[in-house]
2 protein chains.
Amino acid sequence: QTFVRVNRIQTQKWFVMFLIGAVVALIADMVVIVVDEISEFKYGRLRDLFDRCSTTSGDCLVQPLGLWILMNILPVLIGSVIVVYMSPAASGSGVAQVKCFLNGVKIPQFLRVQTLIAKIVGMVGSLTGGLAVGKEGPMIHIGAIVGAGISQGRLGPFDFHVFENFRSDAEKRDFVSAGVAAGIAAAFGAPVGGVLLILEEGASFWNQSLTWKVFFCSLVSVFTYNSIIGVYLDRPGDLSNSGLVNLGVMDNMSYLVYEIPIFLLMATFGGLLGAIFVSLNVWLTAFRHKHITSRVARVLEVVLIAAVSATVGFLLIYFIDDCQMMRDVTPQRTVQMLCSDGEYSTMATMLFQTSEKSVRNLLHDAPGTYKPITLGAFVIAYFFLACWTCGSWIPSGQFIPGLLIGAGWGRLVGIGVMRLMPGVSIDPGRYALIGAAAQLGGIVRMTISLTVILIESTGNITFGLPIMITLIVAQWIGNWFNSGLFDVHIKLLRVPLLDWEPPPLSSHLTAKDVMSYPVYTLKTTESVGAIVDLLHKVTHNGFAVVDEGELRNPLSDEPDTFGQMRGLILRSQLITLLQAKVFDQRLDIAAVRKRLNIQTFRDAYPRFPSIKSLNVTEEERRYTMNLTPYMNHSPYICYLTTSFPRIFKLFRALGLRHLVVVNNRNQVVGMVTRKDLAKFRVEMHRGKIKVEELHISNELRATTLTKGFP
Amino acid sequence: QTFVRVNRIQTQKWFVMFLIGAVVALIADMVVIVVDEISEFKYGRLRDLFDRCSTTSGDCLVQPLGLWILMNILPVLIGSVIVVYMSPAASGSGVAQVKCFLNGVKIPQFLRVQTLIAKIVGMVGSLTGGLAVGKEGPMIHIGAIVGAGISQGRLGPFDFHVFENFRSDAEKRDFVSAGVAAGIAAAFGAPVGGVLLILEEGASFWNQSLTWKVFFCSLVSVFTYNSIIGVYLDRPGDLSNSGLVNLGVMDNMSYLVYEIPIFLLMATFGGLLGAIFVSLNVWLTAFRHKHITSRVARVLEVVLIAAVSATVGFLLIYFIDDCQMMRDVTPQRTVQMLCSDGEYSTMATMLFQTSEKSVRNLLHDAPGTYKPITLGAFVIAYFFLACWTCGSWIPSGQFIPGLLIGAGWGRLVGIGVMRLMPGVSIDPGRYALIGAAAQLGGIVRMTISLTVILIESTGNITFGLPIMITLIVAQWIGNWFNSGLFDVHIKLLRVPLLDWEPPPLSSHLTAKDVMSYPVYTLKTTESVGAIVDLLHKVTHNGFAVVDEGELRNPLSDEPDTFGQMRGLILRSQLITLLQAKVFDQRLDIAAVRKRLNIQTFRDAYPRFPSIKSLNVTEEERRYTMNLTPYMNHSPYICYLTTSFPRIFKLFRALGLRHLVVVNNRNQVVGMVTRKDLAKFRVEMHRGKIKVEELHISNELRATTLTKGFP
């Protein structure tokens with residue numbers, strides 16, 4: 001019947017993957033429909049009001065401007081208040097946290113139900129509020145929460161007692177990966193891109209059967225999303241849509257070899273601009289950590305951003321004269337604004353729609369649709385708005401802003417090339433696409449996954465090669481100055497994230513140099529008082545169990561067991577044991593032992609009570625506990641002489657949290673944790689490598705909750 | 001200056017990646033141009049001869065038929081003779097061997113220069129000989145050899161003394177990965193697909209910096225390939241081509257939800273047919289191992305296949321009446337054959353061109369081009385021919401035959417759907433694509449990489465979702481019956497390949513159950529005679545070095561060192577030491593030690609002399625060698641109680657070859673090698689799991705060379 005069990009668990013896994021994909025897609029559908037409807041209403045009203053005004057004098061502009069600001073502030077306020085007061089972990093995009101989580105670092109509150117609710121509401125608020133944000137980042141976070149929630153069979157405080165086999169860190173991580181991939185798949189219509197992104201940003205071991213399941217989950221997500229959106233768009237049965245962020249299919253594009261140098265220059269520019277974006281944002285983050293610390297201040301900042309966004313938009317429209325004649329190739333919904341009859345304002349048209357529609361327009365509109373001045377002013381304004389918004393206390397994605405900025409200046413380059421070579425027919429949309437890739441690549445520094453995502457969301461494969469080259473160059477240039485946006489923020493928060501490879505020049509270090517010493521060990525049979533005191537004293541999560549038997553006759557064949565390594569026990573296991581009062585001196589100890597099985601430990605996962613909440617009487621303190629039946633008898637170990645790179649690879653490839661260091665007699669002499677390894681970080685700065693020993697935060701909980709990720 | 005060194009090595013790596021990509025692409029260009037020219041000539045002649053004959057009676061068909069058979073036999077004979085007599089490792093596709101190599105198993109002769117030459121010549125022979133083979137498999141093998149050769153700075157016996165830092169198994173494996181990806185990138189114009197394939201089939205640890213380099217290498221390959229082929233096709237500067245196996249861009253395809261069930265049925269059929277293909281091929285392989293063992297017989301079999309291929313083709317054309325009227329949408333080069341004037345034979349048209357052109361035609365030709373009888377007969381004949389050819393002694397790829405068979409019956413399904421639903425406009429090319437995916441997926445059981453390869457080589461992203469679903473279902477169905485083609489052959493040859501995950505139900509096994517016992521150990525200072533005897537006696541590649549000091553005073557603080565683990569030394573290191581005669585009793589031992597540095601070990605890599613070739617005098621046998629300075633002081637170890645899955649993960653994630661098992665006193669008690677783990681294999685058979693203990697070959701060299709991979 002063990003065969004049956006294996007099969008059943010496998011079937012359950014596929015089923016959970018299916019559920020995750022479907023639920024993530026449903027949330028994506030819901031968000032996109034709600035945002036679409038609200039935006040339609042909002043921008044429709046604004047278009048009407050502004051258009052009505054253009055016929056009379058300029059004074060009447062005050063009322064629509066006021067309404068615009070109000071319509072920006074209101075949803076943003078709601079979103080921000082919910083995030084700040086209900087679940088601060090829901091702010092930002094969530095990509096950085098996902099990266100940490102998949103790396104093996106737990107982020108408090110990151111996967112809770114209230115975070116999910118706050119994220120969805122906040123996301124709708126920031127999108128309909130007209131902030132310079134996208135929805136892909138939040139969709140990644142939502143996917144992660146859905147993956148964790150469904151696989152654990154829990155919703156907030158309710159336990160449905162299903163899928164109990166999946167209640168461990170490793171299993172949960174697998175399902176979170178799947179949820180993330182499903183989120184990207186739904187967001188961009190890019191199932192392959194989703195799988196690649198979790199590989200590029202998160203997973204360390206390419207596990208084939210997991211990858212298939214993740215792929216399946218992404219597929220279900222795209223399929224479900226498209227089915228429903230097909231009904232919403234009155235094209236039921238048509239599954240050929242591409243995702244939430246529909247960049248539109250770009251057909252019939254080809255490129256010639258002389259364009260490659262132009263693309264390379266654009267990639268360089270994108271990398272530079274991306275590095276500037278990151279640096280500015282780091283400075284801003286430091287400012288926020290210092291000055292915007294109260295809850296009210298945080299909400300107010302977001303509201304201010306919303307108001308400024310509307311005002312800047314208005315000023316752009318007002319001061320830049322970019323009226324265009326109505327033509328056949330004109331975009332659908334134009335705004336007349338201050339232009340004469342038969343003309344329309346391109347700036348207003350670009351601003352009175354969601355950001356991703358603007359990206360689509362920049363990629364697809366016919367040559368001559370935009371004036372250079374419009375594009376230039378728009379890009380500069382949007383660059384600073386996006387940089388300011390990034391890291392404020394509301395859900396926000398950085399992908400769409402990156403694409404929009406890049407598409408803007410990319411199209412500008414396209415117009416320039418057209419003017420330089422008047423004879424050749426050039427589609428500026430092509431340059432907009434390369435610009436978008438260069439800009440986004442310069443900010444986030446992803447390559448493979450981003451290439452595939454852009455290929456999948458534009459439905460164009462011919463342009464794959466130039467996009468890849470652009471992304472690689474943009475990444476090189478950007479990395480010359482600083483790290484990618486998410487990495488920089490992870491470092492600012494002192495998260496013990498492990499890089500892909502051990503730092504160079506670390507091969508002379510050994511376990512002896514990096515291990516924590518002295519270590520706290522427990523005896524195989526330990527007094528309850530000692531355990532409780534130890535748990536109170538230190539915050540470590542794993543303890544070596546040693547056997548401190550006396551020296552035996554050295555001439556006997558029996559092994560001497562002086563202080564030798566016996567096993568590893570986790571803090572959570574000790575607490576569960578203390579809770580169940582598995583004390584050797586109890587009369588009913590056999591019955592207690594029998595009741596305590598793997599189920600007990602699973603039910604407790606992942607919210608173990610604090611040691612402070614446990615009640616241990618003075619008498620119980622004198623009892624003992626036998627840890628042998630519960631500890632891990634063969635944890636991974638290393639010698640004092642094991643080299644740093646070898647230890648690093650062990651942690652990274654196997655996702656370890658603790659590694660016991662033993663001497664030549666197998667006696668415990670130290671312990672290596674992620675923090676000990678993460679201390680050594682390599683900095684590439686203007687082509688120089690530098691190894692530095694970081695101070696890694698002991699208080700991850702406090703830091704992440706009060707400071708926030710982008 | 002260590003910083004400078006790190007930077008220099010990094011730069012060197014990128015440069016080597018560039019070289020690999022460029023050289024692989026150049027070889028691909030050369031092959032495709034040579035094959036194109038020869039095929040043009042061959043089929044042009046045949047078309048002319050057969051067309052001239054159609055005007056007179058049937059008797060005159062004998063001469064062109066004879067010429068056809070001759071033109072098939074000649075190149076195949078040359079290719080086969082070179083492969084069989086010069087380098088048997090060049091036969092087959094090479095995909096299975098690449099899989100083994102990336103898994104950490106060395107395949108003898110697989111990466112030699114003569115194998116490269118034999119592969120290229122044999123490949124041109126099999127392709128121009130009209131066999132049912134493709135060129136993608138051989139391109140993968142060629143990529144692997146180029147990657148290994150360039151990175152080691154060696155060409156056959158010549159050592160250029162460059163890139164000497166890369167002379168280790170791990171580094172070499174990285175460059176081989178890159179070469180493989182470049183091969184696929186050039187073959188299919190699929191750089192992303194190439195990266196994914198090495199991940200899906202080979203690599204175990206997703207190393208980000210390696211993946212970027214591999215990606216870069218693929219890009220260079222596609223770029224170089226396209227630049228040169230652009231010149232060849234008189235379109236210099238146009239880089240929009242897609243690869244060697246150009247399936248043609250499929251535009252404007254969309255699909256509706258009711259088509260999904262049809263696709264699912266096709267996937268099921270493809271999986272079934274794939275499983276039959278694999279089973280037939282396994283039976284054939286067993287037959288070959290038994291009866292076709294001499295070199296002459298091997299060459300003759302290939303020649304027979306070539307002759308039969310032509311004859312079957314002729315019979316198909318002769319007996320199947322499928323004359324079609326010439327129309328606007330008719331393919332370019334038609335053959336009149338036995339048809340009346342103004343008509344042409346579709347069968348002859350399909351046969352008188354290279355296989356991949358046939359695939360392209362099946363995907364793109366207008367509805368009504370093919371009669372069902374043509375497709376049916378063609379598919380049946382080609383299925384058996386492809387199955388027979390697979391595993392014979394000539395380079396052959398299985399991708400194109402798989403695609404062609406599938407495209408054939410897929411188009412048949414398309415025609416059926418058209419007849420069932422006369423009102424709807426249906427493109428049978430769409431069904432041909434799904435059929436191709438289903439068939440190939442059923443044979444090779446890849447999913448993610450194959451999806452991306454098909455997307456990239458058809459340049460169509462919309463169809464990604466149905467292709468993925470088709471591939472996943474085809475894989476499920478196929479796996480119900482047997483493993484994929486390459487896996488089956490790897491198992492037949494008893495290669496100690498490690499699966500992705502430890503077999504289920506193995507968690508009750510511990511190191512004690514799987515380790516080799518007793519083990520041969522060496523002392524830190526060991527007599528030369530003992531070392532030589534041991535190396536003669538056993539074929540192991542790694543030995544534990546122990547310290548057999550006497551028992552010390554148990555009350556002292558000094559560690560007792562009775563038989564304790566001290567380190568691990570490799571066979572190759574011992575042989576290098578013996579060669580250099582690093583004996584403690586020599587008077588000039590200090591000078592000898594000084595001369596012996598890492599360079600000595602690198603220069604010897606990877607062709608260490610056999611122990612039999614070493615001369616050790618009787619006097620030298622009495623000398624001793626101190627192994628301490630040369631051994632690995634901190635190899636990975638595990639306890640007797642460590643569980644099997646944990647050991648398995650250690651091997652798989654870190655690419656280990658040996659793991660020393662120690663007891664609680666850190667004394668060596670056993671050794672686990674890949675073979676010990678690979679013994680336990682899981683068989684999924686008709687939905688049942690079974691764990692079996694295989695006999696793993698000790699004589700890999702002999703087996704692979706005499707039996708051959710597909």
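Proteins get letters first, then strands, A, B, ... in listed order; numbering begins at 1 in each. Because the structure is a prediction, the values reported are computed rather than measured.
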Visitor: Measure the spacing between CE of B/Met446 and CH2 of A/Trp212 and express it to the nearest 0.5 Å.
Guide: 10.0 Å
Visitor: Could you tell me which residues satisfy side-chain contact (heavy atoms from CB on, under 4.5 Å) with B/Thr641, sequence neighbours excluded, listed by chain and number?
Guide: A/Ser634, B/Tyr639
Visitor: Would you mind reporting whether B/Val192 and A/Leu196 have side-chain heavy atoms less than 4.5 Å apart?
Guide: yes
Visitor: Any idea which of A/Leu219, A/Asn632, A/Val662, A/Leu650 has the most non-hydrogen atom pairs under 4.5 angstrom with chain B?
Guide: A/Leu219
Visitor: Go through the atoms of A/Ser643 and report whether side chain, backbone, both or neither lie under 4.5 Å from a heavy atom of chain B.
Guide: backbone
Visitor: Parallel, tilted or perpendicular, judged at 30° and 60°: which one describes the rings of A/Trp14 and B/Trp476?
Guide: perpendicular
Visitor: So, using ring pair (Phe, Tyr, Trp, His ring centres under 6.0 Å) as the criterion, who are the partners of A/Phe648 when residues are at least two apart?
Guide: none
Visitor: Starting at CD1 of A/Ile637, measure out to OH of B/Tyr636 and round the result to the nearest 0.5 Å.
Guide: 13.0 Å
Visitor: Quick check for you: to the nearest 0.5 Å, what is the distance between A/Ile472 atom CD1 and B/Phe215 atom CZ?
Guide: 6.0 Å
Visitor: Could you report the tightest heavy-atom contact between A/Met468 and B/Pro191, atom names first, then the distance?
Guide: CE-CG, 3.5 Å
Visitor: Can you tell me how far the CZ atom of A/Phe223 sits from the CD1 atom of B/Ile469, to the nearest 0.5 Å?
Guide: 5.5 Å
